[in-house]
Amino acid sequence: MKIKPTTLNAYKLLHEGSLALAEVESHGMRIDTERLDRTINKASERIEKLERKLKEDDIFKDWKKEFGLKTSLGSRVQLGKVLFENLGYETKRRTKTGRAKTDEKALEELDLPFVKDYLRMEKLKKLRGTYLHGVKREVVDGILRPSFNVHLARTHRGQSDTPNFQNIPIRDPMIGKAIRSCFIPRDGHVLVEIDYGALEFRVCACFWKDSAMVEYASDSNKDIHRDIAMECYKLALGEVTKDSRFYAKNQFVFPELYGSYYVNCAKNLWSAIESGDLKTKQGTGLYEHLKSRGIKGPHAFENHIQWVEKELLKMFPDWAERRTEWWNKYRKRGWFRLMTGFVMAGVFTRNELMNFPIQGPAFHCLLWSLIRLVKWMKKEKMRSCIIGQIHDSIVADIHRDELDDYLVKAKQVMTRDVREAWPWIITPLEVDCEIAKTNWFEKREFAI
DNA sequence: ACAAACTGCCAC
DNA sequence: AAACGTGGCAGTTTGT
């Protein structure tokens with residue numbers, strides 16, 4: 001694969017982007033190292049307690065009998081052998097080498113106390129190893145400086161490592177709190193996180209130039225993920241929760257836009273419904289809800305999702321048509337162009353052709369804004385600084401006296417200036433802001 | 001003994 | 001015909 005900037009501005013974006021991110025790295029983020037140590041100790045205590053409990057279980061006795069001195073709790077191959085061969089539990093799920101899968105989903109189906117404790121222990125180990133120790137290892141004088149690059153991801157997305165600042169847990173509140181509360185503002189500062197609303201869907205509309213999609217992405221009363229959640233789960237407007245919207249977004253809308261189809265979408269959506277975690281806003285389980293609406297099992301649900309897929313294609317007919325044209329054009333030429341001025345040449349799959357023109361330019365909007373803001377803050381000799389970037393959001397450590405200025409400027413740059421620079425952005429852009437006074441976990445929505 | 005591959009899980 | 005995409009990291013297993 002070969003990627004080339006074909007315009008001076010495209011070249012400048014990466015050059016100046018690298019410089020701006022180097023500046024971001026040099027600022028670094030403040031870490032509450034004492035809290036970090038306390039949290040590591042607490043996690044260790046809980047891990048040890050769970051380990052002791054596991055070792056008293058009969059299943060572990062079998063495990064020990066089978067593997068003797070080689071017994072290792074961290075070995076899922078061993079766990080799989082004990083559960084699915086020795087003890088005779090059954091699973092259809094296989095890894096690509098043919099072994100029984102031992103991931104969270106496969107294990108949860110067993111509904112065994114031993115396995116539940118095992119999964120809880122593994123989650124805590126992940127927290128302690130990847131995140132808590134991952135941060136501790138890299139902190140110098142109370143400051144963490146993750147690397148941010150713009151030249152490594154195939155799609156032109158940004159990337160972060162040592163430690164990866166872009167995958168700090170947030171969805172599990174217990175785990176999220178443990179690690180995020182260790183990220184704190186400097187004295188007299190607050191943490192400010194500004195993210196683009198529905199950036200990827202907006203860029204998607206800009207790329208396909210589907211008039212209905214553009215209209216959809218331009219109307220702040222409309223919300224594609226919420227509206228599709230209503231269709232997928234047969235919900236009324238007031239019944240959609242954050243969770244049901246989340247699943248509609250990540251297991252239907254984006255998958256469909258990037259090349260998946262109703263069978264796989266239905267399968268994934270259904271397993272979330274079956275787990276019982278999803279409810280209407282009024283508290284009815286979605287399983288019961290769908291049953292009362294005539295969808296009684298996975299088969300009926302798949303038919304329903306096939307219908308939703310057809311609706312999506314009807315909603316955005318230009319998109320449906322232009323996908324094929326786009327793919328055929330690439331097949332003829334062997335290369336394609338991003339809206340931000342980069343040419344990508346080489347062998348790509350169909351799904352990559354659907355994804356790359358959107359994922360890269362979406363990040364480029366963020367990068368363009370970040371460059372502007374970093375330059376501005378430097379020029380103004382502000383005490384505040386940008387400390388990180390997460391694909392469609394900018395994290396900053398802002399002095400309280402500079403908060404208003406920063407918010408106004410950030411909104412201006414992110415929603416208006418970038419559109420002036422790039423006329424291909426034919427939808428409005430919106431940003432949401434969160435502020436954390438004590439630590440990153442405590443961030444709260446804040447109206448600019 | 002070391003490297004690569006595999007598996008799993010965290011984020012957008 | 002085929003069936004979302006991008007990343008990092010840890011621990012184990014397999015290959016050289």
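Every chain is numbered from 1 and lettered A, B, ... according to where its sequence line falls, protein lines coming before strand lines.
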* Structure fact -> Taking B:dC10, C:dG8, B:dC12 as options, the one with an atom nearest any side-chain atom of A:Asn164 is C:dG8
* To do: Considering just the side-chain nitrogens and oxygens of A:Thr130, establish if one lies under 4.0 Å of OP1 or OP2 belonging to B:dC9.
  => no
* Taking only side-chain nitrogens and oxygens of A:Thr97, does any of them come within less than 4.0 Å of OP1 or OP2 of B:dC6? -> no
* With DNA chain C as reference, determine whether A:Arg350 or A:Phe356 sits nearer its 5' end, using the nearest nucleotide of each. => A:Arg350
* Do you see a donor-acceptor pair shorter than 3.5 Å between the side chains of A:Glu231 and A:Trp307? -> no
* To do: Report yes if the distance between the aromatic ring centroids of A:Phe254 and A:His225 is under 6.0 Å, otherwise no.
  => yes
* Asked: With respect to the phosphate group of C:dC4, does any side-chain polar atom (N or O) of A:Ser260 fall under 4.0 Å of OP1 or OP2?
  -> yes
* Is there ring stacking between A:Tyr261 and C:dA3, where the centres must be under 5.5 angstrom apart and the planes under 30 degrees? -> yes
* **Check: B:dC10 base within 3.5 Å donor-acceptor of A:Lys126 side chain** => no
* Asked: Checking all strands, does A:Gln359 fall into the base, sugar-phosphate, or nothing category for heavy-atom contacts under 4.0 angstrom?
  -> base
* Look at all strands and tell whether A:Lys125 reaches a base, only sugar-phosphate, or nothing, counting heavy atoms closer than 4.0 Å. => nothing
* Within the modelled atom types, does a donor on one side and an acceptor on the other bring the side chain of A:Arg157 and the base of B:dC12 under 3.5 Å apart? -> yes
* Have a look at A:Arg137 and say if it touches a base, only the backbone sugar-phosphate, or nothing, with a 4.0 Å heavy-atom cut-off. => sugar-phosphate
* To do: Under 4.0 Å between any heavy atoms, over every strand shown, what does A:Gln251 touch: base, sugar-phosphate, or nothing? Just pick one.
  => nothing
* May I ask you to establish whether A:Arg323 and A:Trp319 are in a cation-pi arrangement, using a distance under 6.0 Å from NZ or CZ to the six-membered ring centre and at most 45° from the ring axis? => yes
* Asked: Think A:Arg322 forms a cation-pi with A:Trp326, using NZ or CZ under 6.0 Å from the six-ring centre and within 45 degrees of its axis?
  -> no
* Give one of base, sugar-phosphate or nothing for A:Glu352, where a contact means two heavy atoms less than 4.0 Å apart. => sugar-phosphate
* Asked: Is the distance from OP1 or OP2 of C:dT6 to the nearest side-chain N or O of A:Arg154 less than 4.0 Å?
  -> yes
